[in-house]
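Notes for the one structure printed next.
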Amino acid sequence: MRLGINLGYWGAGMDGDNLAVAQEADRLGYDVCWAAEAYGSDVPTVLAWVAAQTESIDVGSAIMQIPARQPAMTAMTAATLDSISGGRFRLGLGVSGPQVSEGWYGVKFDKPLARTREYVEIVRKAMSRERLSYEGEHWTLPLPDGPGKPIKLTVHPQREHIPLYIAAIGPKNLEQTGEIADGALLIFPAAEHLEETAVRHLRAGREKAGKTMEGFDVCPTVPLAVGDDINGLADMFRPYTALYVGGMGSRKQNFYNQLAQRMGYEKEAAEIQDKYLSGDKTGAAAAVPHELIDKTTLLGSVERIADRMRAYAAAGVTTLTLAPAGFTLDERIAALRAGTEALERSGLAA
């Protein structure tokens, strides 16, 4: 099993710290550094900045939002980032959520599976440097009865095949991801539930495409906090968990809430959402079960974290992406180093 680092969102006074974290991850031998976007910092700018100041770590988008860009633009960006990074770019895609898609980008959040499939087909075709033509439900290239002609990408990526990941949560999205992508970006993964909630759906998609799980990257992001007070460490992540389970998406379209329900927390997920959407964020955080946090994070001593890493590897995780907690840069760096030590103790280091 390999390790990754997730910088999250750029900005909020963390710019210099995030770069230092990425550089330390590079020095420690982490495999990939991911960055995110929502409605603040954009991923390509951040990754270009990080790639320019690191040496060997891959840089990946987790995620580049599908409603934010036309697929051909995403192919151009991916090819450019792969070229300037010396072949270190990984393309992670996702449909975002209805609030961001419709409220920020003005793109209707409908038929996300079909839209994702077409988007991936166009991106892959463009990155292969074929002349681009496509006929689908959501995109037609070139537009009919106009001056457009099939043209091809002029930038040469460093590699013939840029790894493509999809952020997936629901069973149908996971199955499609296994079918059409090279890896899956997961969130709130509990090792004990991973086969049921994710891996079996990914496997079904791989089988549908005539493939096995061999070479497919199962890549969850897991918050990390090191220390002796497990309850205190878990409490650090209550607002984070409450935000996703209670406040991400609408009452009817919250994929994270649905995931918590599939993990057996139906009653708790409903309570968290009710409190969060009513404006009681403190109450929502308090309603998050300790067990849910402990199962979906890495908490405690290095040895305890190593044990949890073994559980994730046994569940099928191939790249475990860490989100080290800390109020200072020193705390985040210390957590990053503890992650490396835990992987070594686990016996899973490549």
Side-chain angles (χ1 to χ4, degrees), residues 6-15 18 34-50 59-78 80-81 89-120 122-123 126 136-141 164-170 172-173 176-177 181 184-188 221 239-259 272-273 276-279 281 284 321 323:
N6 196 320
L7 300 179
Y9 304 110
W10 207 256
M14 300 289 286
D15 302 7
N18 274 337
W34 302 95
E37 67 179 16
Y39 41 91
S41 56
D42 73 291
V43 159
T45 304
V46 171
L47 294 182
W49 178 247
V50 170
V59 292
S61 56
I63 56 168
M64 285 173 64
Q65 298 166 300
I66 284 175
R69 301 168 182 85
Q70 291 293 334
M73 182 68 218
T74 293
M76 291 166 59
T77 303
T80 304
L81 282 168
F89 177 64
R90 304 185 193 184
L91 175 60
L93 298 171
V95 291
S96 189
Q99 281 86 350
V100 174
S101 182
E102 299 191 12
W104 188 247
Y105 296 116
V107 175
K108 191 72 175 174
F109 191 81
D110 61 348
K111 300 184 178 179
L113 290 177
R115 187 179 294 273
T116 297
R117 182 181 289 272
E118 288 192 14
Y119 198 95
V120 168
I122 296 169
V123 167
E137 179 183 355
H138 301 281
W139 284 278
T140 300
L141 300 169
L164 190 150
Y165 295 67
I166 295 174
I169 300 175
K172 292 182 180 179
N173 193 6
Q176 178 172 278
T177 296
L185 300 171
L186 310 178
I187 191 169
F188 289 122
T221 291
Y240 165 83
T241 306
L243 168 64
Y244 279 85
V245 175
M248 284 289 190
S250 65
R251 185 175 292 277
K252 293 183 179 180
Q253 286 184 305
N254 184 325
F255 309 118
Y256 310 98
N257 188 281
Q258 294 164 11
L259 175 60
I272 294 165
Q273 187 177 61
Y276 202 99
L277 295 181
S278 70
K281 296 181 181 179
T321 297

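This is a predicted model, so every value here is computed, not measured.
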Next on the checklist: Is any side-chain heavy atom of His138 closer than 4.5 Å to one of Tyr119?
Outcome noted: no
Item to check | Counterpart residues, side-chain hydrogen bond (donor to acceptor under 3.5 Å, both in side chains), relative to Tyr105 (two or more places apart) | outcome: Gln65
Item to check | Distance in Å, Leu91 CG paired with Ile63 CD1, rounded so as to fall on 0.5 Å steps | outcome: 10.5 Å
Next on the checklist: Checking Tyr165 against Ser61 for the side-chain contact (heavy atoms from CB on, under 4.5 Å) test, could you report, in this order, the C-alpha distance in whole Å, the side-chain angles of both residues, the deciding distance, and whether it holds?
Outcome noted: CA-CA 9 Å; Tyr165 295 67; Ser61 56; over 6 Å; no
Item to check | With Trp104 via ring pair (Phe, Tyr, Trp, His ring centres under 6.0 Å) - residues at least two apart | outcome: none
Checklist entry - Is the side chain of Ser41 donor-acceptor paired with the backbone N or O of Tyr9 at a distance under 3.5 Å, no angle test? => result no
Checklist entry - So, do Gln273 and Val245 sit near enough that their side-chain heavy atoms are less than 4.5 Å apart? => result no
Checklist entry - Does the side chain of Arg115 reach to within under 4.5 Å of the side chain of Asp110, using non-hydrogen atoms? => result yes
Checklist outcome for this item: In short, Leu113 meets Gln176 closest at the heavy-atom pair O-NE2, 2.9 Å
Next on the checklist: For Tyr276, give me all partners under side-chain hydrogen bond (donor to acceptor under 3.5 Å, both in side chains), at least two apart in sequence or on another chain.
Outcome noted: none
Item to check | Closest non-hydrogen atom pair between Ser96 and Pro67, with its separation | outcome: CB-CG, 4.5 Å
Next on the checklist: Contact between Leu164 and Leu93 at the side-chain level, heavy atoms closer than 4.5 Å - yes or no?
Outcome noted: yes
Checklist entry - Closest heavy-atom contact between Ala168 and Thr177? => result CB-OG1, 3.5 Å
Checklist entry - What distance separates Ile166 CD1 from Ile66 CD1, expressed to the nearest 0.5 Å? => result 6.5 Å
Item to check | Check: Thr221 side chain, Ile187 main-chain N or O, donor-acceptor pair, under 3.5 Å | outcome: no
Checklist entry - So which heavy atom on Glu37 is nearest to which on Pro44, and how close? => result OE1-CD, 4.1 Å
Checklist entry - Quick one: are Leu81 and Val59 in side-chain contact, heavy atoms under 4.5 Å? => result no
Checklist outcome for this item: With sequence neighbours left out, the residues meeting ring pair (Phe, Tyr, Trp, His ring centres under 6.0 Å) with Phe109 are none
Next on the checklist: Rounded to the nearest 0.5 Å, what separates atom OG in Ser101 from atom CD in Gln253?
Outcome noted: 10.0 Å
Next on the checklist: If you define the side chain from C-beta out and look only at heavy atoms, does anything of Asn173 sit under 4.5 Å from Val95?
Outcome noted: no
Checklist entry - Do Leu7 and Val50 pass the side-chain contact (heavy atoms from CB on, under 4.5 Å) test, and can you show the C-alpha distance, the side-chain angles, and the key distance before you say yes or no? => result CA-CA 10 Å; Leu7 300 179; Val50 170; 4.2 Å; yes
Checklist entry - Counting distance only, does the side-chain N/O of Gln258 pair as donor-acceptor with the main-chain N or O of Gly170 below 3.5 Å? => result no
Checklist entry - Residues in side-chain hydrogen bond (donor to acceptor under 3.5 Å, both in side chains) with Thr321, at least two apart? => result Trp34
Item to check | Atom pair CG/CD of Asn254 and Gln99 - distance to nearest 0.5 Å | outcome: 8.5 Å
Next on the checklist: Going by side-chain hydrogen bond (donor to acceptor under 3.5 Å, both in side chains), name the residues that satisfy it together with Thr241, two or more places apart in sequence or in a different chain.
Outcome noted: none
Checklist outcome for this item: Looking only at heavy atoms, the pair that brings Ile272 and Ala284 closest together is O-CB, 3.6 Å
Checklist entry - When rounded to the nearest 0.5 angstrom, what is the spacing between CE in Met64 and CZ in Arg69? => result 4.0 Å
Checklist outcome for this item: OH of Tyr244 to CZ of Phe188, rounded to nearest 0.5 Å, is 7.0 Å
